[in-house]
**Q** 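Have a look at the structure that comes next, please.
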Amino acid sequence: MARALRTIDRSTARRLAITVQRLAGTPPRSSPNAVLGVIRSIRCVQLDPIAVVARSPLLVLGSRVAGFDAKHLDRLLWRDHSVYEYWAHAASVVLTEDHPIHAWYMRQYLRDDGSAWNRRRLDWMAANAKLKRSVLAQVRRDGPVLARQISGGLTGESWRSSGWTNERNVDRMLGFLWASGRVMVAGREGIQKRWDLTERVLPADAPRERLSDLEVTRRAVDRSLRGLGVGTAKHIKSHFTRDRYPELNRVLAEFERTGRVERVVVEHDGAPMPGTWYVHGDDMPLLERIERGRWEPRATMLSPFDNLIADRARAELLFDLSYRMEIYVPKAKRRYGYYSMPVLDGDRFVARVDPAMDRANRRLLVRAVHAEPGVRTTRESGRPVAEAVRDLASWLGATEIELDGSVPAAWRSGLG
C-alpha cells in the first residue's frame, strides 16, 4: 500500500524556498567564507552588466550578506578560484566544486544536437578554424587578455546577426571557446572580461571527473532542489543549470525511491497546486521546523535577476508575483519603472521600488514605489519597504535618499 503524500500549505512552501535561498534569518557578516557559503546555498549567481543601482550579482549577494564587500567576491573569483564565470541557467558565477557538472555541458556544446542554432554555430566555427587557432594562440601568448587586444584578421566568414554580435567575430569565437571549456574569464577590467586558457585559470585541485548523463543529472537535480527548497521537475530544470538533466525522470524516480527526495502536495486555498512537487530529503527537518512556526522573516529588496524570482512562472505560482522587466519598454508605457526591485517582507512581496544610484552625489534616487496588489498602503505596511530602501542605501554608501517619483502617500514620510 502506497504511503500517503505529505501535504504542506503554500505559506510553508514559500518559507522553505526563502530560507534555503538565505533570505530569512540573520545574514552573515561579509567575508570570503561567508560569501562562498551563500553561493553554496544558492548554487549560482547570475551575471548582468546593468549597474543603474549596482551590478546584479552584487545586489544578489548584498541581500544575503550583511555589509557585503565586493572585494570578497573578487577574491573568490580571481585569487582563490573557488568560483568562476560560466553558463548555469544564464551567464553566472558558479562553484569550482561543481566543475564536473559544467564540464559535461562543455563537451555537449561541441556536439551536433540537430538544432538549427547548433548547426549554424558549429558550421561557423569550422569555417573559421584559422581564426580559432589564432585566438587561442594569442590568448596563450598574452593572457589574461581583453577581447579588444586580440586580432581578428583571419576571419573566414563573419558572424551575422541582427543584434550587437553582428560581425563581432573575435567576441563570438571567445564566447564559443568559453562555452566549450577552452578558455575562461581570468579577471575583469570594469565589465570587460580578461581571457586566459582554462588550464591556467582552473585550479589544480578542481574536481575533473568525467560524468555520465545519469551522474550529471543526479548531481544537478540534487543541487537544484536544495536551492529551490520545493519545486516541480520543470522548476528543477530551470533553476540551477540549463540542459544538464538528460535523465531527469529516471533520477527523480530513483531519488524518491531511495528517500533522497520526498514528493509532497502543495496546497493553496484548500486545493492542491498543479504539478508534482518535491522537497530534498536533507531539507525535511527544516520544513518541519517551519511548520512549527520556527523561522525568522526579514525584509529586503531583490535584484530582477535574483535566484528566488528568476523563474518568473514559479514566482507567480508561489508568491503571486507577476514580474516583468521594463528596461526595453518605452518610458511612457512602463508600469513599475526601468529597474524595479521587488520588496520581500517575510514570505510575501509587498512592493516594487524603482531605484537608481547617483554615485557622484552619493544619493539613492527613488523614482517610484508601487504597492503589490492586495497590499493596503498604511504606515504599518510601509515600514518594511522603508527598511529595505534604507538598507540598500546604506550598503551602496548613499548619504541621502531622494524621492523623485510617485510614492503611496502613507509610505512617503517613512521613505523620505
Side-chain angles (χ1 to χ4, degrees), residues 2-24 41-43 89 217 220-242 245 248-257 259-297 300 302 304-324 342-352 371-375:
R3 181 169 59 90
L5 298 181
R6 180 192 296 258
T7 297
I8 63 175
D9 60 34
R10 189 175 71 155
S11 177
T12 297
R14 285 177 168 181
R15 293 177 181 186
L16 179 59
I18 290 164
T19 303
V20 300
Q21 275 291 307
R22 303 291 289 271
L23 291 166
S41 293
I42 67 178
R43 227 59 211 177
H89 60 268
T217 308
V221 167
D222 187 84
R223 287 150 176 78
S224 183
L225 191 53
R226 289 303 306 274
L228 286 167
V230 58
T232 66
K234 186 176 181 180
H235 302 152
I236 290 168
K237 286 174 66 174
S238 66
H239 176 69
F240 171 43
T241 58
R242 182 179 293 178
Y245 303 90
L248 181 60
N249 292 335
R250 176 180 173 182
V251 166
L252 283 173
E254 172 194 311
F255 278 12
E256 187 177 2
R257 186 172 61 252
R260 187 68 174 163
V261 305
E262 184 171 325
R263 196 189 313 187
V264 298
V265 175
V266 180
E267 196 173 75
H268 178 52
D269 287 340
M273 293 177 65
T276 301
W277 296 76
Y278 300 91
V279 174
H280 198 284
D282 290 350
D283 285 328
M284 294 311 297
L286 173 60
L287 170 64
E288 290 166 358
R289 288 197 299 273
I290 290 170
E291 287 183 317
R292 295 195 298 269
R294 292 176 56 191
W295 89 300
E296 301 175 48
T300 191
L302 300 186
F305 303 98
D306 194 276
N307 299 42
L308 186 69
I309 61 171
D311 183 336
R312 306 299 195 214
R314 181 174 181 267
E316 188 160 3
L317 187 64
L318 268 186
F319 296 98
D320 298 320
L321 179 72
S322 179
Y323 184 85
R324 302 293 182 272
V343 178
L344 179 68
D345 178 29
D347 65 358
R348 66 175 187 152
F349 288 94
V350 295
R352 295 180 211 198
E372 285 297 310
V375 175

**Q** If you define the side chain from C-beta out and look only at heavy atoms, does anything of Leu23 sit under 4.5 Å from Asp306?
**A** yes
**Q** Mind telling me whether His89 and His239 have parallel, tilted or perpendicular rings, with 30° and 60° as the class edges?
**A** parallel
**Q** Would the distance check show the side chain of His235 and the main-chain N or O of Thr232 forming a donor-acceptor pair, the cut-off being under 3.5 Å?
**A** yes
**Q** For the residue pair Gly346 and Pro297, what are the closest heavy atoms and their distance?
**A** CA-CB, 3.5 Å
**Q** Could you measure the distance from the OG atom of Ser238 to the CZ atom of Arg312? Nearest 0.5 Å is fine.
**A** 11.5 Å
**Q** Minimum heavy-atom separation for Leu252 and Val261, please, with both atom names.
**A** O-CG2, 4.2 Å
**Q** What I'd like to find out is whether the side chain of Glu372 reaches to under 4.5 Å of the side chain of Val350, using heavy atoms alone.
**A** no
**Q** Would you say that Leu344 contacts Leu308 through its side chain, given a criterion of any heavy-atom pair below 4.5 Å between the two side chains?
**A** yes
**Q** For the residue pair Phe349 and Ile309, establish whether any side-chain heavy-atom pair is separated by less than 4.5 Å.
**A** yes
**Q** More than 12 heavy atoms of other residues, nucleotides or ligands under 6.0 Å from CZ of Arg292: is that the case?
**A** yes
**Q** Using 0.5 Å steps for rounding, measure from the CZ atom of Arg352 to the CG atom of Leu302.
**A** 11.5 Å
**Q** On a heavy-atom basis, which atom in Phe240 and which in Arg43 lie closest, and how many Å separate them?
**A** CE1-CG, 3.4 Å
**Q** When you compare the side chain of Leu228 with that of Arg314, does any pair of heavy atoms fall below 4.5 Å?
**A** yes
**Q** Side chains of Leu317 and His268: does their closest heavy-atom pair fall under 4.5 Å?
**A** no
**Q** Kindly indicate whether the side chain of Tyr245, heavy atoms from C-beta on, has any atom under 4.5 Å from the side chain of Ser224.
**A** yes
